[in-house]
Amino acid sequence: MSDTETFEVMKSDAEWREQLSQGQYHVLRKRGTESPGWSPLNPEHRDGTYACAGCGLPLFTSDTKYDSHSGWPSFFAPLDDAVGTTTDTTHGMTRTEVHCRRCGGHLGHVFTDGPKPTGLRYCMNGVALAFTPK
Ligand code: FE
């Protein structure tokens, strides 16, 4: 997510600030990270859909959620055409940043230590997700 990139849903900084909670704004718009173990979605095991807290696009379902014990809600795959990725070299690491395909909101990172069948771990900030049980 850069300031020059264009997304389907685009809002001014002031509009995002108005719409989002402080925590949502910090993560989605400022690439922040919530404290590990903070999210009520960590122990969420019901069937349902996880949407972007910024624009409402469905991103993950409970079918791909698993307990990574990382402190953040984790999934082994996103829904089709739901997320985009960029290379993140901040904090002295090279990581793959994950954002919402529609609004560009930062969601978390993806790592290659996930379970089968993908081997991927989408390590998501719970505050960036809105869960709707089935
Ligand atoms: Fe979004």
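Note that these values count all heavy atoms, side chains included, but never hydrogens, waters or copies made by symmetry. Both counts, for ligands and for their atoms, begin at 1 and track the order of listing. Residue numbers run from 1 in the order of the sequence given.
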Heavy-atom side-chain proximity of E44 to P73 below 4.5 angstrom: no
Any donor-acceptor N/O pair, S12 side chain to E15 backbone, under 3.5 Å: yes
Plane angle bin for F75 and F60 - parallel if under 30°, tilted between 30 and 60°, otherwise perpendicular: parallel
Parallel, tilted or perpendicular: ring planes of H99 versus F7, cut at 30 and 60 degrees: perpendicular
The Fe ion (ligand 1): protein N, O or S atoms [distance under 2.8 Å]: C52 SG, C55 SG, C100 SG, C103 SG
Straight-line distance of L59 CG to T49 OG1, nearest 0.5 Å: 10.0 Å
Side chain to side chain contact (heavy atoms under 4.5 Å, CB included) against T132, all qualifying residues, sequence neighbours excluded: none
